[in-house]
Number of protein chains: 2
Amino acid sequence: MRLSTKGRYGIRAMLVLARRYGEGPVPLKEVAEIESLSEAYLEQLVSELRKAGLVRSVRGAQGGYLLAKDPAIITTGDIIRVLEGPIGPVQCVVEFPGTDTCDCAESCVERLLWKRLRDSMVQVLDSITLADLMAEEKKLNPSSGTGDRSC
Amino acid sequence: MRLSTKGRYGIRAMLVLARRYGEGPVPLKEVAEIESLSEAYLEQLVSELRKAGLVRSVRGAQGGYLLAKDPAIITTGDIIRVLEGPIGPVQCVVEFPGTDTCDCAESCVERLLWKRLRDSMVQVLDSITLADLMAEEKKLNPSSGTGDRSC
DNA sequence: TTAATCCCTAGTAATCCACTCGGCTTGGTC
DNA sequence: GACCAAGCCGAGTGGATTACTAGGGATTAA
């Protein structure tokens with residue numbers, strides 16, 4: 001019941017961009033350094049975020065990535081959905097189901113349980129934006145605003 | 001962000017035992033048939049549930065498994081914890097952390113997000129018991145009480 | 001023109017998942 | 001007491017997934 005690194009790194013990367021919102025593109029190399037992540041790997045994640053319209057890119061020297069929207073309207077759910085797929089503890093109660101909802105459909109109580117679990121996950125993830133996280137960050141350590149991590 | 005089959009099958013198996021609570025041991029073969037699962041695989045899961053004290057076993061002919069407690073006091077969280085490990089979307093905010101909480105500990109906003117997600121998952125799973133599921137089941141399909149599944 | 005930067009595809013080692021298999025022990029039943 | 005139904009246990013395995021790495025373009029500011 002764990003997120004993969006994609007979701008976790010994705011949130012971290014987006015938070016870096018959020019802190020620099022309005023200051024022009026941030027090169028991926030810098031994001032990778034700040035978060036101590038592999039640049040090449042991060043590139044793949046950010047590429048997905050770009051295709052999903054959450055970040056914009058500027059190519060060429062002096063280029064980089066920036067948030068495509070205000071941090072206040074990008075939710076953590078948006079990010080997780082792009083990188084981990086639709087939210088839900090089991091395939092058959094996932095949001096926006098594709099072809100594979102199971103047959104038992106209505107007569108199955110487990111589904112009810114999983115739906116409730118899914119809804120509570122969705123509720124949390126969709127209610128927390130990047131701006132929210134930045135605000136909490138200020139409360140946590142008002143001193144350094146960099147967000148650099150030691151670990 | 002998905003459960004593995006262990007958690008899913010585990011809930012299904014426990015639900016079978018819950019429906020037969022008070023009627024003596026149910027052989028695993030029967031559970032496997034009702035739920036269309038591999039008996040050998042199921043054996044591993046049930047074995048963990050037994051070691052955790054959620055089911056009891058009766059060896060020898062006419063033996064099988066039974067719930068170790070009333071369905072009303074076994075929560076879905078209990079079952080999931082045994083089969084999937086402590087609940088939490090990332091290792092570092094898992095319940096009952098072992099050695100590996102991360103260093104960033106307090107200064108890290110992501111942790112805050114993951115904690116909230118974890119708490120909402122725990123809340124749902126710990127509030128729903130096997131008895132609750134059986135009650136819902138009655139409401140869903142009052143006709144057949146077997147719980148046999150076609151899929 | 002150079003260098004910084006994004007873009008894309010392919011490969012890969014390690015790990016994990018979802019099982020299967022085979023043999024052992026226990027204990028009713030005949 | 002033999003037989004057989006059942007639980008108990010550990011090892012093995014094929015396939016999928018994860019978390020990357022590598023390398024070669026394309027784009028553009030300086």
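Labels below follow one simple rule: chain letters A, B, ... track the order of the sequence lines, proteins then strands, and each chain is numbered from 1.
Glu95(B) places a side-chain N or O within donor-acceptor distance of the main-chain N or O of Ile87(B), the cut-off being under 3.5 Å. Judged by distance alone, the side chain of Thr75(A) and the main-chain N or O of Ser127(A) form no donor-acceptor pair under 3.5 Å. Under a 3.5 Å cut-off, the side chain of Arg20(A) and the backbone N or O of Val26(A) do not form any donor-acceptor pair. Between the side chain of Asp119(A) and the backbone N or O of Arg116(A), no donor-acceptor pair lies under 3.5 Å. No donor-acceptor pair closer than 3.5 Å links the side chain of Arg50(B) to the backbone N or O of Ser57(B).
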Whether each nucleotide of nucleotides 17-30 of chain C has a protein heavy atom under 4.0 Å at its base (B), only at its sugar-phosphate (S) or at neither (-) is summarised, 5' to 3', as -BBB----BBBS--
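On the nucleic acid side, DNA chain D has its first and last nucleotide under 4.0 Å of a heavy atom of chain B at dA5(D) to dA11(D), going 5' to 3'.
A straight line from CG of Leu28(A) to C1' of dA4(C) spans 13 Å, rounded to a whole angstrom. One atom, CD of Glu48(A), and another, P of dC8(C), lie 12 Å apart when rounded to the nearest Å.
With contacts defined as side-chain heavy-atom distances shorter than 4.5 Å, the pair Val93(B)/Leu112(B) does not qualify.
Hydrophobic clustering of Ile, Leu, Val, Met, Phe, Trp and Tyr side chains at less than 4.5 Å, counting indirect connections, unites Ile34(B) with Leu37(B).
Expressed to the nearest 0.5 Å, how far CD1 of Ile80(B) lies from CE of Met121(B) amounts to 9.5 Å.
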